[in-house]
2 protein chains.
Amino acid sequence: MARLAEVSTATVSRVLSGGKPVSPEVTERVRAAANDVGYRPNPAAQTLLRGSSRTVGVVVPDLGNPYFAEILKGLAAEAAAEKHHTLVAGTEEDPEQEYRSAIELARWVDGLLLCAPRMSTPRLREVAEAARRLVLINRVLRHHAVGSVVVDYHLGVRALCEHLAALGHKRIAYLQGPTAAWSDQQRQRGFRSPEASGLTIIRVPCGSTLADGREAVEEALTYKPTAIICFNDHVAVGVLSRLRELGLSVPHDLSVAGIDNAPMSAHTDPGLTTYAVSTVEVGRQAWSRFAPKPSTATTHIRGELITRASTAPPPHKSPRG
Amino acid sequence: MARLAEVSTATVSRVLSGGKPVSPEVTERVRAAANDVGYRPNPAAQTLLRGSSRTVGVVVPDLGNPYFAEILKGLAAEAAAEKHHTLVAGTEEDPEQEYRSAIELARWVDGLLLCAPRMSTPRLREVAEAARRLVLINRVLRHHAVGSVVVDYHLGVRALCEHLAALGHKRIAYLQGPTAAWSDQQRQRGFRSPEASGLTIIRVPCGSTLADGREAVEEALTYKPTAIICFNDHVAVGVLSRLRELGLSVPHDLSVAGIDNAPMSAHTDPGLTTYAVSTVEVGRQAWSRFAPKPSTATTHIRGELITRASTAPPPHKSPRG
DNA sequence: TTGAAAGCGCTAACAC
DNA sequence: GTGTTAGCGCTTTCAA
């Protein structure tokens, strides 16, 4: 390639990287030759030399979950716009695999993004040491050079509670997320003030998927709540579907609310009341956190209450009364 | 690190790669030192030397689309199981960006997977030349060393048609996918035999998203079909939602069917009749196509008809008659 | 069994 | 404005 254009390899490099002084005539000759052979510099060699791969890594519990898929989308788009690649790893919700993927990717990438990591704090700290830059979604870690993007779920839960209380609800079931999910604890915080105001919150173990929601419904009903708040919209869709099977009408017999405003939540029947969070925005913010000196360690993302048809005043008697 | 264990770098390498003759005593010393310092070899250097990055690339039109997200999930899981990393790029449905991403990634990765590529055949061929291995999803290319995994959508469409015909439908609207989508042409092929048998198919321009589905409904209705087949389940959910707004009842006034069996399709109201395709399986097959010498160039994936409540016999009069 | 040295492909530093 | 050279961090000869 260099000899095809009859120049040194250094000149080729100068032309292709740009910004270096090269005569127009030579520039042309090199461009032509490169084009001819379809020459592109070896990225591994470039990486080795410059000490940066222009790559960010993303580790998510479940690549199939639209919530994380959209965060990934937001991040990948931002990264691509600044000529960076994106490495991904799904962890199948397994903290062990999450840790291994993170440690492994850390060595490759300029910046690492961990979405809702479930691993222990000491391990997280290990990852922080291994990574050049680390950003966390929906978790925080006291450590220099680790940034976070967290959704203020406690505000969302509180808003949902206030909305339901205003409608007249007094007994609300909360379908909990995965144990050890930091973001579930965030949500739980949001119940403090409503509980202090006299609202009864019944916590029901659940999870984060549609199937989890379906399965948790019957237990939740044994507590005779007039409304159900779900860990996320996925769960809520599962709940809606199961309630329909059980012959209960939403919102007539029971109100249901989700969190996240998943793409489909506007199109369920009835439409789902939820706390809307822009996942793509989360991804974007995560990217901006890779910048050298962010002013604060944690970016808070605030959502907004979206009321749709799935919430209404409670029936006069308890459902199935 | 090497001097910490008082050995040469060559010995360190031998211990860490394994399989080379090293005395147990030295092995132990190196292991300890590596563990101490948290040493991990520089992947760029390894890549440069061995000429392989142990990485596969995936290019998808939309990372936020669950269909592609799940293919990515399937592939990433398989890749990780064999110690490979996964690079992703979303193209925002833009053929130009798709081409650039593909060419760019090709240089990095050992194998490249293009999902439903929209780029022109000549460009696709260029990518094929640039990539070490290339696999296509839902598109084929006559080229040595290019494999494909295609879903037999024509079978799906035919099955859907036969199902609807058996219910008594005679006029069916088809909401088309994105122009230039190879997989839409596949679907169109599926109408040949039903049309020959006397079924009327009305093609309505649409797209691949929920919003596209919503918007296409009114035009579709002007043709007074008794059933609508949608490019995919996303579109179908949009259609369902819009029909509800218009006060039309599914399946009483109109039958609706989708393609793909998206996760939510079992939980819409009414449940969606669809042609089910295992996306994760597609991802897995794609990975297996990266093997050195696959026996055939194209893997066909066959789905199955799933009938749910969204399809039923047509009303006696045309809807809104 | 171990060490020394070459070289993977590239770019920055230094000549000219 | 251009060529020559050193060296990024690793693994793999080749010697010892």
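Lettering follows sequence order; numbering is per chain, from 1.
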- State whether B:Glu92 and A:Lys73 are salt-bridged, where the test is any N-O pair (Lys NZ or Arg NE/NH1/NH2 against Asp/Glu carboxylate O) under 4.0 Å. no
- Item | Student check: side-chain heavy atoms of B:His234 and B:Asn65 closer than 4.5 Å | yes
- Heavy-atom side-chain contact between A:Arg142 and A:Val140 under 4.5 Å: no
- Could you give the CD-to-P distance, from B:Glu28 to C:dT1, as a whole number of Å? 17 Å
For nucleotides 6-10 of chain C, give me every protein contact, N/O to N/O, under 3.5 Å, one pair per line with atom names.
{"from": "C:dC10", "atom 1": "OP1", "to": "A:Tyr39", "atom 2": "OH", "distance (Å)": "2.7"}
{"from": "C:dC10", "atom 1": "OP1", "to": "A:Asn42", "atom 2": "N", "distance (Å)": "2.8"}
{"from": "C:dC10", "atom 1": "OP2", "to": "A:Tyr39", "atom 2": "OH", "distance (Å)": "3.2"}

- Message: Distance under 4.0 Å to a non-hydrogen atom of chain A counts as contact; along DNA chain D, which nucleotides mark the start and end?
- Response: D:dG1 to D:dG9
- Looking at side-chain heavy atoms only, is the closest gap between B:Leu4 and B:Tyr39 below 4.5 Å? no
- Item | Non-hydrogen side-chain atoms of A:Leu134 and A:Leu136 separated by less than 4.5 Å | yes
- Query: Are the side chains of A:Leu124 and A:His143 in touch, meaning some heavy atoms are under 4.5 Å apart?
  - Reply: no
- Please check if the side chain of A:Asp110 supplies one atom and the backbone of A:Arg54 the other of a donor-acceptor pair under 3.5 Å. yes
- Item | Identified side-chain hydrogen bond (donor to acceptor under 3.5 Å, both in side chains) partner of B:Tyr153 from the options B:Asn232, B:Asp184, B:Asp260 | B:Asp260
- Any idea which of C:dA12, C:dG3, C:dT1 is nearest the B:Ser8 side chain? C:dG3
- Item | Degree of bending in the helix from C:dT1-D:dA16 to C:dC16-D:dG1 once both end axes are built from five pairs, to 10° | 50°
- Task: Indicate yes or no: at least one non-hydrogen side-chain atom of A:Val7 is less than 4.5 angstrom from one of A:Arg29.
- Result: yes
- Measure the distance from CZ on B:Arg3 to C1' on C:dA4 and round it to the nearest whole Å. 15 Å
- Query: Base, sugar-phosphate, or nothing: which does B:Val12 touch, judged by heavy atoms less than 4.0 Å apart?
  - Reply: nothing
- Query: Do we see a donor-acceptor contact under 3.5 Å between the side chains of B:Ser183 and B:Arg187?
  - Reply: yes
- Remember a base hit wins even if backbone is also touched, and classify A:Arg14 as base, sugar-phosphate or nothing at under 4.0 Å, heavy atoms. base
- Just how far, in rounded Å, is P of C:dA13 from CZ of A:Arg50? 15 Å
- Tightest non-hydrogen contact, residues B:Arg40 and A:Ile103, listed as NH1-CG2, 3.9 Å
